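First comes the structure, then the notes that go with it.
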Amino acid sequence: MQKYIFISYSTKNTETAFKIKNILEKRGFDIWLAPNDIPIGQRYANVIEKAIQNCTVLLLIMSRYICTSMWINKEIERAINYGKNVFGIKIEEFELNDEFKFLLSTTQLSPLLKETDIYSEKFERIVCDIQRVYNGEIPSGLPLKYPVFSKIEEEKTYNKSNLVKSAKDMISAFLCSKEDCINILTQLHYSEINKYVKILFNQLTDEQKKTVMKNLNEAYNLALLDPNLSGRKEYAVKGQIIYYITRLCEHDENSISKLKSYYYSESNIWQRQSIAYGLAALSEIQVPFDFAQKIYYDCDEAVINRSWTLVFFGDIQEKDAYLYLDDGKCDWTKCRTVRINRLKKNELQAQAFRSLDLCLLHSFLSTRGWELSQFEIEVVKNTVFDKKLFTKQQLRFLKTVQKEIVKNCKKQIRKK
């Protein structure tokens, strides 16, 4: 597949974008830039989507105008969704709004580059950095010079005492009020603190634990209504709340009931997905089944991809993650192995994941032509469903998906 750089820019910076395009093309890069590369008669949104999906790097021209551009927001979000490297060139001093702080929190950003610097040695050094990202030498994490992201720069030296302190701050906020829950979760912090949050939570009294769960649940409702939370920031905060509720509630029926109500009232597909996986980890059957049906019937490519590689609650990787975007590290083989191994198990949590595992295997086999080994086919064929947990209608659906997987695999074998 041809490698190219997708340039995202505000129309207010068109002249600068084309100057940078010309310079990069002279250095041997292939560039995709609207409107030049949009075929006549094609729908803008469809072409942009494909261009971002297939690009090697997304290069963002950063000025104050990006914060008010709906298109740039969408372009960055799609690039992150597809696991693309995003490299930002900052051409003026300005303050990012909260939404872009979240969007760009793991992005490679250049030092300030003034208009007069474009033809200087300073820009040459930036081109070298872009080349390294373009070549895949830096999958993530160039040194970040932009002051807003100073916390991320410090991650390599962020030691245990700092993590414990952050976890204590988190628990203190959870104990205080729903507003404090929101405030602490709008701040950037490292997923490594989560194991310390869990340890500290387990040291609380039963009454304190109830207070934490009460405040987190109220915080979720507040996040739905808070006008200061919008876009990606809202999703980030709600995603973390879902994570902490499902990690800390220890099968608390009240919290599980509220999570179900959040699922059915939530309009955002990614939040629904997070809740479905969280509830599956808590051995709840209905919501994961409902979401699995969406995967099966809608065949939404983005939903299937993100569901396949989701690492919430150690589903695929043994790590905690409250915010996950496909980083390309969970490939077909690894994810397939995890799901096949879980289909061999019959305990309650494995049953709760049954519908998700089977519908995702079915989607990947039917839409991509991927294959299972004879041993894996036998595992799917012999998968057991607990009749006490599923309704008759659910059992019929699951057995239908099970038979379709086996049938598709046999067809692939005959073709060979």
Side-chain angles (χ1 to χ4, degrees), residues 170-171 173-182 184-185 194-195 197-225 237-294 307 310 312-315 320-322 342 345-357 384-395 397-398:
M170 188 83 73
I171 290 292
F174 291 172
L175 280 167
C176 196
S177 68
K178 59 186 177 183
E179 290 81 10
D180 285 292
C181 289
I182 294 287
I184 197 75
L185 294 177
N194 291 332
K195 62 181 177 182
V197 170
K198 178 73 171 177
I199 291 169
L200 292 171
F201 178 82
N202 287 335
Q203 293 174 358
L204 299 177
T205 66
D206 289 344
E207 198 59 40
Q208 287 174 321
K209 288 179 181 178
K210 288 179 182 178
T211 300
V212 168
M213 300 313 298
K214 173 178 173 291
N215 287 337
L216 284 172
N217 277 291
E218 290 182 353
Y220 193 89
N221 289 320
L222 178 61
L224 289 170
L225 303 172
V237 170
K238 289 195 293 187
Q240 291 179 81
I241 293 171
I242 293 165
Y243 171 82
Y244 287 115
I245 290 175
T246 50
R247 284 294 284 178
L248 302 178
C249 78
E250 296 179 342
H251 305 277
D252 173 65
E253 288 302 323
N254 183 50
S255 292
I256 289 175
S257 176
K258 287 183 178 178
L259 283 166
K260 289 180 184 178
S261 69
Y262 299 154
Y263 175 84
Y264 289 110
S265 62
E266 179 61 64
S267 60
N268 181 268
I269 184 66
W270 308 123
Q271 297 302 124
R272 288 166 66 86
Q273 182 187 58
S274 300
I275 297 170
Y277 270 77
L279 284 169
L282 292 173
S283 304
E284 202 280 326
I285 298 291
Q286 180 55 47
V287 166
F289 180 86
D290 184 86
F291 196 83
Q293 286 185 302
K294 177 172 182 57
S307 296
L310 200 71
F312 272 103
F313 317 99
D315 176 37
D320 288 337
Y322 52 82
R342 192 157 53 203
K345 299 176 182 178
N346 293 321
E347 67 266 24
L348 184 56
Q349 189 187 77
Q351 292 285 331
F353 273 105
R354 279 287 191 267
S355 52
L356 289 166
D357 290 338
V384 174
F385 307 104
D386 191 330
K387 294 180 181 180
K388 295 178 182 177
L389 299 174
F390 298 100
T391 66
K392 290 182 180 180
Q393 184 179 0
Q394 289 172 337
L395 284 170
F397 172 79
L398 291 172

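Model, not experiment: these values are computed from the prediction. Note that these values count all heavy atoms, side chains included, but never hydrogens, waters or copies made by symmetry.
- Residue S255 comes nearest to N217 through the heavy atom pair OG-ND2, 3.8 Å, listed as atom of the first residue, atom of the second, then distance.
- Expressed to the nearest 0.5 Å, how far CG of N202 lies from CG of L248 amounts to 8.0 Å.
- Considering only heavy atoms from C-beta on, D386 stays 4.5 Å or farther from N346 through its side chain.
- The shortest distance between side-chain heavy atoms of Y262 and Q271 does not fall below 4.5 Å.
- Here CZ of F201 is found 9.0 Å from CG of L175. Values are rounded to the nearest 0.5 Å.
- In this structure, S274 OG and F291 CZ are separated by 8.5 Å, a value rounded to the nearest 0.5 Å.
- In this structure, the side chain of Q349 engages the main chain of A281 through a donor-acceptor pair within 3.5 Å.
- Without hydrogens or angle criteria, Q351 side chain to V384 main chain gives a donor-acceptor distance under 3.5 Å.
- Between the OG atom in S265 and the CG atom in N221 there is a gap of 8.0 Å [rounded to 0.5 Å].
- In summary, the side chains of Y264 and D290 do not present any donor paired with an acceptor at a separation below 3.5 Å, with no hydrogens or angles considered.
- Among K260, K238, R272, the one residue that satisfies the salt bridge (Lys or Arg N to Asp or Glu O under 4.0 Å) test with E266 is K238.
- Taken from CE in M170 to SG in C181, the straight-line distance is 10.0 Å, to the nearest 0.5 Å.
- No more than 12 heavy atoms of other residues, nucleotides or ligands lie within 6.0 Å of CD in Q393, so this atom counts as exposed by the packing criterion.
- The minimum heavy-atom distance linking L204 with K209 is given by the pair O-CE, 3.6 Å.
- Across N215, I275, L259, V237, a single residue satisfies side chain to side chain contact (heavy atoms under 4.5 Å, CB included) together with Y220, and that is I275.
- At a threshold of 4.5 Å between non-hydrogen side-chain atoms, the residues L185 and F174 count as touching.
- Atom NZ of K258 and atom CE of M213 lie 9.0 Å apart (nearest 0.5 Å).
- Between the side chain of R342 and the backbone N or O of R354, no donor-acceptor pair lies under 3.5 Å.
- Between F397 and F289, the distance from one ring center to the other falls under 6.0 angstrom.
- Here the closest heavy-atom approach between residue A280 and residue L356 is recorded as CB-CD1, 4.2 Å.
- In this structure, L222 and I182 approach most closely via the heavy-atom pair CD2-CG1, 3.8 Å.
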